[in-house]
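I have placed the structure first, in the form of structure tokens, so that the comments after it can refer back to it.
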Amino acid sequence: MKKKPDASLKGKKPVNKAKTKTLVYRNPSHIHNKLKRSEMYGKYLQQKRKAKDEQKKIREEQLGEDVQKPVPKTIDNTREVEPTSVLENDLEVAADEADDEFAPYFDDDVKPKILITTRPRPSQNVFYFIADLQMLIPNLEFYPRQSYSIKEICQFAINRDYTHLIVLSEKSKVCNGFTISHLQKHHDTGLAGPTAFFKVSNVVTAKNIPKHGKATSHIPELNLHGFGTRLGHRVGRILGSLFPHQAQFQGRQVVTFHNQRDYIFVRHHRYIFNEKKKEEKKSKEAKKDEGPPVKARLQELGPRFSLKLRWVQEGIFDTMHGEYEWFHKRKEMDTSRRKFHL
């Protein structure tokens with residue numbers, strides 16, 4: 001006799017409720033067909049990732065909800081302690097900086113006036129970079145190098161009351177050097193300086209930045225971040241002295257010098273705050289998902305480049321007879337990946 005189907009099915013096919021075993025893929029390196037091997041390798045990685053996530057979930061359930069996740073070790077949080085690290089509210093450092101060469105700029109008693117030049121016979125790419133620097137740094141004026149030496153240009157700038165001199169060098173039509181020389185004399189010692197030389201890398205001009213904005217003539221805000229040692233403070237004040245310290249906030253522009261692992265990343269942004277429109281009353285859960293009522297957005301203006309300090313010299317630029325405050329010696333100083341100087 002034929003077995004009658006269950007009345008509850010009413011013409012539907014019975015569902016097989018038996019547990020199906022998941023296929024276990026192994027490393028398909030033995031498969032000779034390239035297309036099939038790549039397909040099976042993708043499935044193998046997917047299954048391996050899924051198994052790892054399941055093990056992690058089981059481990060978290062066993063430990064409980066109150067267990068804190070371990071902080072991953074990075075080069076930044078495992079860096080070697082620098083003996084010259086500066087603590088917050090360090091009175092000695094504050095007293096030194098209140099009477100150094102750059103105090104009049106940070107107190108806004110003196111406004112910087114900067115002259116920029118290049119190496120002899122520069123390429124066209126350097127002029128695009130200079131045009132962007134003129135939008136980045138206020139009161140920046142270009143003077144062609146021609147056949148003059150840097151010492152002659154320094155004297156020329158001093159006679160015309162410039163406060164800083166910037167010299168750009170290049171190799172293979174790419175800017176690779178950035179020299180800053182402070183020209184004004186200190187009121188106590190009567191000496192000018194210091195002079196700092198940076199290696200330049202990863203130069204991106206404003207026109208090559210996607211969706212970039214156009215900078216206005218407003219004085220930008222200045223953000224010096226990550227300079228934690230005595231040398232770092234010195235370098236931060238050299239860079240900070242290039243800018244006036246009465247920012248025009250209506251321009252909503254900010255220049256950032258961010259130090260990370262002794263590389264100084266230079267960025268130029270415009271910011272805007274958007275307030276969310278008030279709508280009808282919502283539930284508490286919906287309000288939690290909304291986030292903050294004010295949202296900040298950034299637009300990069302350019303240029304974008306990175307600096308790496310090579311040396312700091314006392315006085316005006318003088319490679320023959322000048323004394324160095326600090327010189328980067330790779331074999332002696334770079335003994336560990338976790339040792340940083342700024």
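These numbers were taken from a predicted model, which means no experiment stands behind them.
In this structure, Phe102 and Tyr105 have tilted ring planes: the angle between them lies in the 30° to 60° band. Relative ring orientation between Tyr143 and Tyr148 is described as tilted, the plane-to-plane angle lying within the 30° to 60° band. The aromatic rings of His245 and Phe106 are tilted relative to each other, their planes meeting at an angle between 30° and 60°.
A 4.5 Å side-chain heavy-atom check between His233 and Ile238 finds every atom pair outside the cut-off. Side-chain atoms of Trp311 and Glu325, non-hydrogen and from C-beta on, never get closer than 4.5 Å to each other.
Of the possible polar contacts, one joining the His212 side chain to the Ile209 backbone as a donor-acceptor pair under 3.5 Å is found. In this structure a side-chain-to-backbone donor-acceptor pair under 3.5 Å is missing from His225 to His258. In this structure, the side chain of Glu221 does not engage the main chain of Thr256 through any donor-acceptor pair within 3.5 Å. In this structure, the side chain of Arg37 does not engage the main chain of Pro28 through any donor-acceptor pair within 3.5 Å.
Summarising the geometry of Ile130 relative to Thr118, their closest heavy-atom pair is CD1-CG2, 3.4 Å, with the distance given to 0.1 Å. Taking each heavy atom of Pro112 and Ser241 in turn, the nearest pair found is CB-O, 3.5 Å.
For the salt bridge (charged side-chain N to carboxylate O under 4.0 Å, His left out) criterion with Asp96, the lone passing option out of Arg237, Arg234, Arg230 is Arg230.
Between Phe129 and Phe305, the distance from one ring center to the other falls under 6.0 angstrom.
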Show, in sequence, the C-alpha distance, side-chain angles and deciding distance for His164 and His182, and conclude whether the side chain to side chain donor-acceptor pair (under 3.5 Å) test is met.
CA-CA 5 Å; His164 298 75; His182 180 238; 4.6 Å; no
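Under the 4.0 Å criterion applied to side-chain N and carboxylate O atoms, Asp76 and Arg338 are not assigned as salt-bridge partners.
When the shell of 6.0 Å around CG of Asn33 is examined, it contains more than 12 heavy atoms from other residues, nucleotides or ligands. Within 6.0 Å of the CZ atom in Phe156, the count of heavy atoms belonging to other residues, nucleotides or ligands exceeds 12.
Here Trp326 contributes atom CH2 and Tyr324 contributes atom OH; the two are 12.5 Å apart, rounded to the nearest 0.5 Å.
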